[in-house]
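In each ligand, atom 1 is the first atom listed, and ligand 1 is the first ligand listed. Below, each value reflects all heavy atoms present in this structure, side chains not excepted, and no hydrogens, waters or symmetry copies. We're numbering straight along the sequence, starting at 1.
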Amino acid sequence: MEPYVVLDLETTGVGPARDQIFQIALRHSDGRRWTTWINPGVAIPEPIRRLTRADLDAIRQAPPLAVVLPEVIPWLSETTVVGHNVRFDLAFLERQGVRVKQWIDTLEWARIAFPTRTHYRLADFFPEAIGDLHDAETDVDLTETLLHEIRRALGRLPVSTQTDLARILGSEWHWWAISSSPGPEDDVLSPLDHPSPEPEPDPMPDPVPVNWDVAQRLHELGQHVGPDVRWDHRPEQLAILQRVDQAMREGEILLAQAGTGTGKSLAYLIPALRQALTNGTRVVVATHTLALQEQLWQRDWPLASQGLPARAVLLKGRGRYLCLLRAHQVRDDWHVLGEAAERRWALARLLTYIAVTDRGDGSDTAGNATWDALWREVEVDMDHCIGPRCPYAGPCFMRRSRRDAESSHVLIVNHALLVAHLMTGRALPEFSHVIIDEAHHLGEVVERGFGFEFPIYRWLKQLREMFEGRSAIAQRAQWHPDLLPLFYDLQHQFQQLGQSLGEWAQLLVVESPPSEYDTRMVRLDRERRQLWQTRDTERQWNRLLDTLAEADGGVQTLLAELESRYGAHLSDDRALWRLAQWLKDFPETAHNLSRWGQIDDERVSWWEIHQWSDGNPEVTLRWSWVEIGPLLDRHLWQTVTSATLTSATLGLSGRTPYLAEWLGIDPSRLATVSVPSPFDWDHQARLFLAQDAPDPREPEYWDALAAFLIQTAPIRGGRMLVLLTSNRSVGQLAWRIRAPLEEQGIQTLAQGIDGPPRLIVEQFRQNGRSVLLGTASLWEGVDIPGQALEIVVLARLPFRAPGEPLEEARHERIRQQGKSPFWTRSLPDAIIRFQQGFGRLIRTKSDRGVVVVFDPRIQPTRTRYAATFLQALPAVPWVNLPIASLPERITAFWEEQHAHFAE
Ligand code: SF4
């Protein structure tokens with residue numbers, strides 16, 4: 001490497017135009033170093049002083065920047081300046097007239113050298129130094145260490161990737177002076193430069209005799225865990241483990257409710273391993289969230305399978321993988337598309353990612369909008385995939401994972417992939433047992449999977465992209481003059497169809513009554529259908545069906561022509577291949593669309609109108625099966641030897657579990673087990689019910705809730721999660737509490753206003769002084785252990801919004817069976833979500849906190865069902881109090897906690 005100087009500044013804020021430098025540290029590659037405090041002439045804000053541990057006495061006596069600069073300039077003027085996020089520091093110096101010739105930003109280069117990391121702060125690379133960071137002198141030392149680590153990582157890349165980086169980054173790459181000396185690692189080509197045909201998959205291994213029982217295996221694992229794994233003996237875990245084992249042996253369908261902290265993953269993986277090894281059969285484990293899927297793969301599976309000849313594979317939906325063929329195209333086009341500097345850096349990172357990853361999975365990486373856009377260009381798109389004929393079929397990440405599945409004992413999948421398999425029978429290899437974690441979500445995924453969803457405007461956009469005059473397909477058609485008439489015919493028919501659909505969407509928007517919810521849903525029932533007869537609506541719908549039928553004729557003709565002409569070689573031309581795939585899917589789409597307008601007792605049709613913030617409505621046509629039980633029975637329960645459905649919340653309190661009925665589980669195979677959470681609820685938590693909370697339907701409710709939050713949030717300096725039931729209520733509350741809380745130094749993070757859930761949850765974790773307001777996805781998708789979350793407020797009991805068409809149809813069905821929809825469906829459904837919301841608070845044995853329910857319907861004296869909600873919770877002490885006394889009692893709880901720890 002050429003000589004360099006590492007630079008770091010500490011400043012009074014983040015704005016070069018208004019904030020001042022108060023510390024500079026420099027370190028030359030020849031070993032010289034220089035550090036000084038600077039008197040900024042303004043006060044250093046307290047959070048920055050604490051963060052940087054600034055020595056205020058030394059700063060008061062330090063010279064001003066004008067005196068220091070002449071000493072700094074010679075260090076920087078002739079040498080490459082290195083820094084972590086160095087452009088931030090350089091912006092401050094530029095304001096003082098200091099310019100540098102060249103710089104290297106270790107933050108940008110770390111993204112390239114370590115593409116599978118998701119965080120790139122110095123603290124992420126050097127967690128052991130976290131207490132010393134943000135002192136300029138420490139930061140330059142760590143930046144220099146990182147600089148050398150980056151160089152080593154770049155030097156390990158395959159030669160072909162290094163050549164690509166040199167082409168794309170030019171002099172910035174050459175600065176590192178990486179010499180590709182021949183060595184075993186240098187011989188390795190990036191998969192992009194190493195296409196190969198697909199090998200045959202390995203066969204499933206033969207059965208292996210197993211001489212342990214499941215309890216013994218759990219015990220032995222506990223004896224041998226490493227020092228980095230926390231291990232507690234938990235009777236609850238043992239109980240679930242033995243029950244799952246029994247269900248697998250006896251062919252049951254088990255509902256296993258296991259409270260948070262039970263350790264249920266290991267409790268089902270061990271029996272799964274035993275079954276798979278002894279019988280040579282396969283077990284599918286399906287989760288709802290990617291987070292749990294990853295946790296099983298990275299943490300629980302390696303532990304459970306330690307020392308056993310067992311194979312597992314993590315399978316995700318196809319769209320999550322990187323497509324090498326598309327990446328190859330993007331790399332080849334870089335000089336056309338890659339002129340923007342940000343895109344060049346993103347492309348460089350993509351190429352190193354391809355060289356180092358062994359799974360090609362989008363969730364390995366995180367980045368900015370440029371990175372996300374680039375990723376979308378290279379992710380697997382089944383419309384483009386040419387399957388076994390692809391030159392990359394051998395190294396293809398998606399196909400490799402599917403091949404590995406053929407010889408694996410355990411497949412770790414998500415609900416969506418499992419349901420895709422139930423629908424097509426092709427997404428997974430055969431399996432004998434299924435374990436469904438987070439099983440309370442399965443029903444919704446089945447509804448969506450087996451139902452029909454047609455977002456009109458998105459489909460029209462796709463249609464335009466496909467058939468507009470300058471599309472790739474239109475250009476191919478020019479090469480085949482005799483195909484042109486067919487193509488133009490179809491183009492014309494689709495224009496008609498597009499117009500018809502667009503008019504139809506407009507009509508539905510006009511027909512939709514207003515709603516207080518974010519998405520308007522309107523059911524297409526018999527009365528509405530009859531009403532259509534008296535208006536122009538019926539004629540419009542019939543016209544739409546006619547254009548669909550006409551287009552279908554054109555589709556069939558063009559498809560037949562393409563197939564007879566090209567046969568197996570159709571996939572050689574990707575644009576034509578994509579067209580053919582789209583044409584093949586068209587009849588099914590057309591069939592489902594026409595079914596949308598038919599009313600029958602088995603399905604329910606509706607349309608949804610979602611108003612985007614830019615004012616444009618999104619119109620979606622949907623239909624779903626009223627009952628999913630028969631579908632699951634036919635496609636899943638009857639096909640497997642055993643099934644285990646587990647979650648912390650399965651609503652097992654009633655006589656016949658609600659989930660068992662909904663999911664169509666045969667009572668003769670049904671078994672249940674429920675074990676409580678092993679936490680010490682007496683000491684770890686309190687539940688407070690706001691006795692005099694107003695009715696949530698009344699306007700004064702929001703003022704009362706806001707006043708309560710403004711008073712309560714400062715007790716723990718934020719660390720509060722407020723769970724609401726609609727985006728509109730998030731907005732109502734956010735504008736009431738934001739300014740008053742800001743005055744107390746507490747930030748409000750509102751879902752959909754301050755960012756998407758993933759982003760605001762991360763901010764909440766990092767910034768202790770925040771209140772997080774969220775809706776549906778935060779009721780359950782959030783895991784914030786430790787002190788970052790200490791107060792959870794459940795603003796309303798989470799009953800579904802009235803008038804959801806599918807829910808309404810189900811209620812009618814339940815009424816026909818002589819039962820009460822409220823007690824058999826609405827209530828158990830709301831209780832599961834209530835349990836989930838409550839469960840956000842205590843995630844580990846050391847967590848402490850309070851939950852407040854701010855809904856009068858939880859008062860046992862107000863509703864008959866209040867007790868059912870309370871009984872569904874773990875054994876937490878609860879107190880019913882007027883709102884005015886809640887802050888005092890919450891404070892008292894924390895004082896008790898401090899006293900407890902002081903003892
Ligand atoms: S097989 Fe399909 S997904 Fe895989 S690299 Fe080829 S085109 Fe892409």
Engineer: Quick one: does any side-chain atom of Q162 pair with a main-chain N or O of G155 as donor and acceptor, under 3.5 Å?
Structural biologist: yes
Engineer: Can you give me the closest heavy-atom contact between P191 and Y392, atom names plus distance?
Structural biologist: O-CE2, 3.4 Å
Engineer: With E377, which of R331, R343, R326 fulfils salt bridge (Lys or Arg N to Asp or Glu O under 4.0 Å)?
Structural biologist: R343
Engineer: Between S408 (side chain) and L411 (backbone), is there a donor-acceptor pair under 3.5 Å?
Structural biologist: no
Engineer: Is the distance between the ring centroids of W459 and F454 under 6.0 Å?
Structural biologist: yes
Engineer: Run down the list V378, D381, V380 and name the one with the heavy atom closest to atom 3 (S) of ligand 1.
Structural biologist: V380
Engineer: With a distance cut-off below 6.0 Å to the six-membered ring centre and an angular limit of 45° from the axis, does R117 pair with F125 as a cation-pi contact?
Structural biologist: yes
Engineer: So which protein N/O/S atoms does atom 6 (Fe) of ligand 1 have within less than 2.8 Å?
Structural biologist: C390 SG
